[in-house]
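Structure first, then comments.
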Amino acid sequence: MVIIPIMFYISTKLRKNIRRSWQQVRIQQSRVNSHLNESIQGVRITQSFSQEDNNTEYFHGVNEETFQSWNVATRKSAMFRPFVEMSNAFGTIILVAYGSYLIINDPAVTLGVFISFTFFIGMFWEPISRLGQMYNQLLMAMSASERIFEFLDEQPNVKEKENAIELDDIKGHIVFDQVQFSYDEDRIALHEISLEMKPGQTVALVGHTGSGKSTIANLINRFYDPTKGAVKIDGVDLRDVKLDGLRQNISVVLQDTFIFSGTIMENIRFGRPDASDEEVIEAAKVVGADDLFKD
Ligand SMILES: Nc1ncnc2c1ncn2[C@@H]1O[C@H](COP(=O)(O)OP(=O)(O)OP(=O)(O)O)[C@@H](O)[C@H]1O
Ligand SMILES: [Mg+2]
């Protein structure tokens, strides 16, 4: 047991070090993954600018760094077991030295007692060595789960109030009352905008890129809350309404479209799963996409 405090001290140091290495591995791994994701999704752009070679080179770079970080982490983890084994060996040395001394000097200590202790020490270290190994796996899992929890703990920007009002049947009277909004602190996207859109009115926002047209649409959907002022529909501040009810009353055609896997039918039906086939075809007709269903 003499060895235990020393072992405890060193293993605490070692543990922090190993943990940091595994965290590094995770960071590198996510860099590889995000690069892969971008490369595959943006393959057309890469091809059209003939950047395949640069892209490949960059990939080799992050890949190599990931390999190195794995290498470091695995080496450090592999040190753990020999370290426990070595502590075991030191314990045995101490036992043999002190035991021999006692056999010679203390008549109460027989050879049998000495031998039993050599067995005890084996029984004592075996579980510790196993725990050490498990601990290693635990460290690895912890650094992975940390990243998952970081993601799970992320708070949504938009929160529904507890006593939120259900807006069932929206007339469509939209008012922006001195709305100021910024995505990040240092840049304002909308500067105190006031406007009114009446029910049944068709409104088009025209402006150059980055002037805030999509931002206005985002605020009507309450993807974000204004930093100052208020957005109101039918006289109710959007911060006071239920999100589901609000969004079910709004149809959005996004600037960048996204098609889910499945059939075209299922994709058109996405916002209203109970729509009949006829209704889906009717909707497709309205936008001139009904020849998709011709055959
Ligand atoms: N998710 C975001 N995070 C941070 N800033 C953003 C985000 N989306 C837009 N912005 C910034 O907010 C401002 C307004 O952008 P917005 O997308 O509303 O412009 P837009 O008028 O729709 O442009 P476009 O005509 O290109 O669609 C821009 O400066 C833009 O860079
Ligand atoms: Mg836009």
Side-chain angles (χ1 to χ4, degrees), residues 27 30-49 51 58 62 147-161 164 167 170 172-234 236-260 267-268 270-271 283-284 286-289:
I27 292 169
S30 72
R31 282 184 63 198
V32 169
N33 287 343
S34 59
H35 178 68
L36 260 184
N37 189 13
E38 274 173 23
S39 305
I40 293 172
Q41 291 204 340
V43 66
R44 289 276 147 72
I45 295 175
T46 310
Q47 284 171 339
S48 63
F49 288 93
Q51 290 300 310
Y58 184 81
V62 275
R147 291 184 68 82
I148 297 173
F149 283 121
E150 221 171 79
F151 185 69
L152 289 179
D153 289 344
E154 190 65 43
Q155 293 294 325
N157 293 326
V158 171
K159 281 197 207 87
E160 202 170 83
K161 277 193 184 162
L167 278 189
I170 292 181
H173 186 232
I174 301 172
V175 172
F176 274 60
D177 184 10
Q178 307 237 333
V179 171
Q180 181 173 311
F181 178 72
S182 45
Y183 287 97
D184 37 46
E185 259 129 55
D186 38 274
R187 227 163 36 132
I188 295 175
L190 295 181
H191 300 260
E192 309 213 346
I193 301 253
S194 291
L195 56 87
E196 184 181 4
M197 305 180 208
K198 299 209 174 75
Q201 197 181 9
T202 304
V203 176
L205 301 174
V206 184
H208 37 81
T209 183
S211 55
K213 305 176 297 287
S214 300
T215 306
I216 288 181
N218 286 341
L219 289 178
I220 295 176
N221 255 295
R222 206 183 163 209
F223 290 136
Y224 304 94
D225 281 330
T227 10
K228 269 193 216 153
V231 182
K232 293 177 190 160
I233 291 191
D234 296 349
V236 189
D237 191 326
L238 289 191
R239 277 175 282 228
D240 299 330
V241 304
K242 283 216 166 100
L243 287 174
D244 266 0
L246 171 71
R247 290 179 187 162
Q248 263 160 21
N249 272 283
I250 301 177
S251 291
V252 193
V253 179
L254 296 167
Q255 203 164 356
D256 22 35
T257 52
F258 189 89
I259 310 261
F260 290 97
N267 267 285
I268 297 178
F270 188 74
V286 173
V287 295

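Remember, it's 1-based here, ligands and their atoms both numbered in the order they're listed.
No N or O atom of A189 sits closer than 3.5 Å to an N or O atom of ligand 1. Where the criterion is an N or O separation shorter than 3.5 Å, residue side chain and backbone included, D184 fails it with respect to ligand 1.
If you check each of S182, G207, G210 against atom 13 (C) of ligand 1, the one with the closest non-hydrogen atom is G210. The closest non-hydrogen atom to atom 18 (O) of ligand 1, taken over T215, I188, N218, comes from T215.
Scanning the protein for heavy atoms near atom 27 (O) of ligand 1, the closest one is Q255 NE2, 2.8 Å. From the protein, the heavy atom lying nearest to atom 22 (O) of ligand 1 is S214 OG, 2.7 Å. Among all non-hydrogen protein atoms, the one lying nearest atom 2 (C) of ligand 1 is Y183 CD2, 3.4 Å. Protein heavy atom in closest approach to atom 24 (P) of ligand 1: T209 OG1, 3.6 Å. Among all protein heavy atoms, the one lying closest to atom 30 (C) of ligand 1 is R187 NH2, 4.4 Å. Remark: minimum distance from atom 25 (O) of ligand 1 to any protein heavy atom is reached at K213 NZ, 2.7 Å.
Inclusion of T209 in the first shell of the Mg ion (ligand 2) is not supported: no N, O or S atom falls under 2.8 Å.
Residue I45 qualifies as open at atom CD1: its count of foreign heavy atoms under 6.0 Å is 12 or below.
Closest approach of L246 and I220 over heavy atoms only: CD2-O, 3.9 Å. G172 and D234 get closest at one heavy-atom pair: N-OD1, 3.1 Å.
Classified by interplanar angle (parallel below 30°, tilted 30° to 60°, perpendicular above 60°), the ring pair Y183/Y224 is perpendicular.
A donor-acceptor pair under 3.5 Å is absent between the side-chain atoms of R222 and the main chain of R247, judged by distance alone. Not one N or O on the side chain of K228 forms a donor-acceptor pair closer than 3.5 Å with the backbone of H191. Distance alone, capped at 3.5 Å, places no donor-acceptor pair between the D177 side chain and the V231 backbone.
A salt bridge links D237 with R239: at least one charged nitrogen is closer than 4.0 Å to a carboxylate oxygen.
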